[in-house]
Protein chains: 2
Amino acid sequence: MTYTYEYSRPNLAVDCVVFGLDEPNSLKVMLIRRSLPPFQDQWALPGGFVRVDESVDAAARRELQEETGLKDVFLEQLYTFGLLDRDPRERVVTIAYYALVNLQEHLIQAATDASEAGWFSITQLPPLAFDHNEIIAVAIARLKGKVRYEPIGFELLPKKFTLSQLQTLYETVLGMPLDKRNFRKKILKMGLLIELDETQTEVAHRAARLYQFDESTYRQLKEKGFNFEL
Amino acid sequence: MTYTYEYSRPNLAVDCVVFGLDEPNSLKVMLIRRSLPPFQDQWALPGGFVRVDESVDAAARRELQEETGLKDVFLEQLYTFGLLDRDPRERVVTIAYYALVNLQEHLIQAATDASEAGWFSITQLPPLAFDHNEIIAVAIARLKGKVRYEPIGFELLPKKFTLSQLQTLYETVLGMPLDKRNFRKKILKMGLLIELDETQTEVAHRAARLYQFDESTYRQLKEKGFNFEL
């Protein structure tokens with residue numbers, strides 16, 4: 001069975017930039033090794049073609065799960081890359097998505113047309129297939145931009161975290177050190193952290209207080225146009 | 001001549017949300033009246049299908065000029081709308097763009113498959129073809145979000161403007177009044193305005209000082225990650 005159109009059509013794809021935070025302070029992105037041409041055996045973002053009977057969001061979720069086993073991840077649309085000659089096979093426009101996941105809670109496995117899957121530090125990426133290095137650069141820029149005016153990245157941390165872990169996350173994403181007292185003052189002032197009656201366990205140093213992200217308060221404040229500027 | 005593919009493909013389109021600022025304090029968006037089905041004679045965003053031999057950005061620029069005569073407008077990609085059944089004809093995924101233009105400097109004319117083109121206040125939009133009301137809502141939300149952390153909208157003003165005109169612009173986009181003294185203090189502190197040795201002409205009230213946007217300084221500060229939070 002084939003499909004015929006009056007005009008030549010670009011093919012439509014989706015690609016997923018999935019970020020994870022690894023100790024110590026390393027922001028990682030998930031890559032798969034391609035088992036098929038083009039760029040066979042090269043590392044690339046998980047992704048594939050959009051089916052005519054699925055939304056583009058659904059296509060991104062499907063491809064991510066098919067190639068890495070990851071599901072129930074909140075994928076946010078990043079940008080659509082539509083230059084000519086992105087793909088040696090034919091004209092392909094790709095809609096890029098990105099997500100933040102807790103690296104510890106999400107084990108990944110290579111599946112279908114990926115021979116291997118793994119986490120790579122954004123500071124040590126291999127040369128990637130297609131324009132995927134550029135797509136990741138755009139995703140990192142978006143992430144840096146977002147943390148400046150929105151409390152994000154909580155997905156990257158364990159459910160319960162210390163303020164030091166949270167600061168490390170921000171410093172890792174922003175790529176610069178932050179003043180400890182200033183950071184704590186501002187982040188607590190947002191009223192988005194639930195202070196738990198628990199402290200760390202199994203730590204050499206003095207056990208620090210654990211916190212949790214108050215998502216419902218976050219949503220309420222966001223609807224009111226609250227300014228989260230850090 | 002026809003084109004045959006192994007798999008059914010979504011068709012790919014672009015749509016343009018062009019904002020203009022009109023006295024008094026009215027944010028407008030440009031619409032065209034469709035002369036062809038579907039939604040014949042209904043108002044819609046300027047747009048059309050992406051050709052296989054042009055980038056998606058080029059397609060947006062081309063469609064905007066073909067349907068409204070507007071050219072040399074800075075179009076920024078907004079979001080890609082990829083739900084099923086957006087278009088009664090077939091599966092169409094559209095990449096939406098938005099732009100800010102000076103309404104006075106850009107006269108528009110209907111062209112090709114638009115029978116009419118005009119500016120509509122965002123507070124009084126007619127029911128639009130396809131999901132174009134939703135696309136405009138997303139564009140307005142983006143605009144509101146952006147003015148909170150970036151000095152934008154200068155494109156909407158004349159080259160030389162007063163601080164009152166600038167405040168009116170921000171109030172119009174944000175949809176809320178701003179404290180005059182506070183606004184002026186913050187906006188001047190950004191160091192992005194060039195105070196001109198000129199004042200308004202032909203005004204009944206006391207002629208106010210004219211300013212110009214310092215674009216090169218803006219780019220320099222932005223590269224340094226300067227925080228423009230208003």
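Just so we're on the same page: letters track the sequence lines, and every chain starts at 1.
- Of the atoms belonging to B/Leu83, heavy atoms from both backbone and side chain fall under 4.5 Å from chain A.
- For A/Tyr79, the parts sitting under 4.5 Å from any heavy atom of chain B are the backbone and the side chain alike.
- Every side chain to side chain donor-acceptor pair (under 3.5 Å) that B/Arg86 has, sequence neighbours left out, goes to B/Asp131.
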Side chains of residues 50-59 of chain B: which donor-acceptor partners sit under 3.5 Å, not counting sequence neighbours?
from: B/Glu54; atom 1: OE1; to: B/Arg62; atom 2: NE; distance (Å): 2.8
from: B/Glu54; atom 1: OE2; to: B/Arg51; atom 2: N; distance (Å): 2.9
from: B/Glu54; atom 1: OE2; to: B/Arg62; atom 2: NE; distance (Å): 3.3
from: B/Glu54; atom 1: OE2; to: B/Arg62; atom 2: NH2; distance (Å): 2.6
from: B/Ser55; atom 1: OG; to: B/Ala58; atom 2: N; distance (Å): 3.0
from: B/Asp57; atom 1: OD1; to: B/Tyr97; atom 2: OH; distance (Å): 2.5

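- Interface residue A/Ile95: only side-chain heavy atoms are found under 4.5 Å from chain B.
- Contact count versus chain B (heavy atoms, under 4.5 Å) is highest, among A/Asp85, A/Leu12, A/Asn11, A/Val93, for A/Asn11.
- Under a cut-off of 6.0 angstrom, the local environment of CZ in B/Arg89 is crowded, with over 12 non-hydrogen atoms contributed by other residues, nucleotides or ligands.
- Taking the six-membered ring for Trp, B/Tyr7 and A/Tyr3 have ring centres at least 6.0 Å apart.
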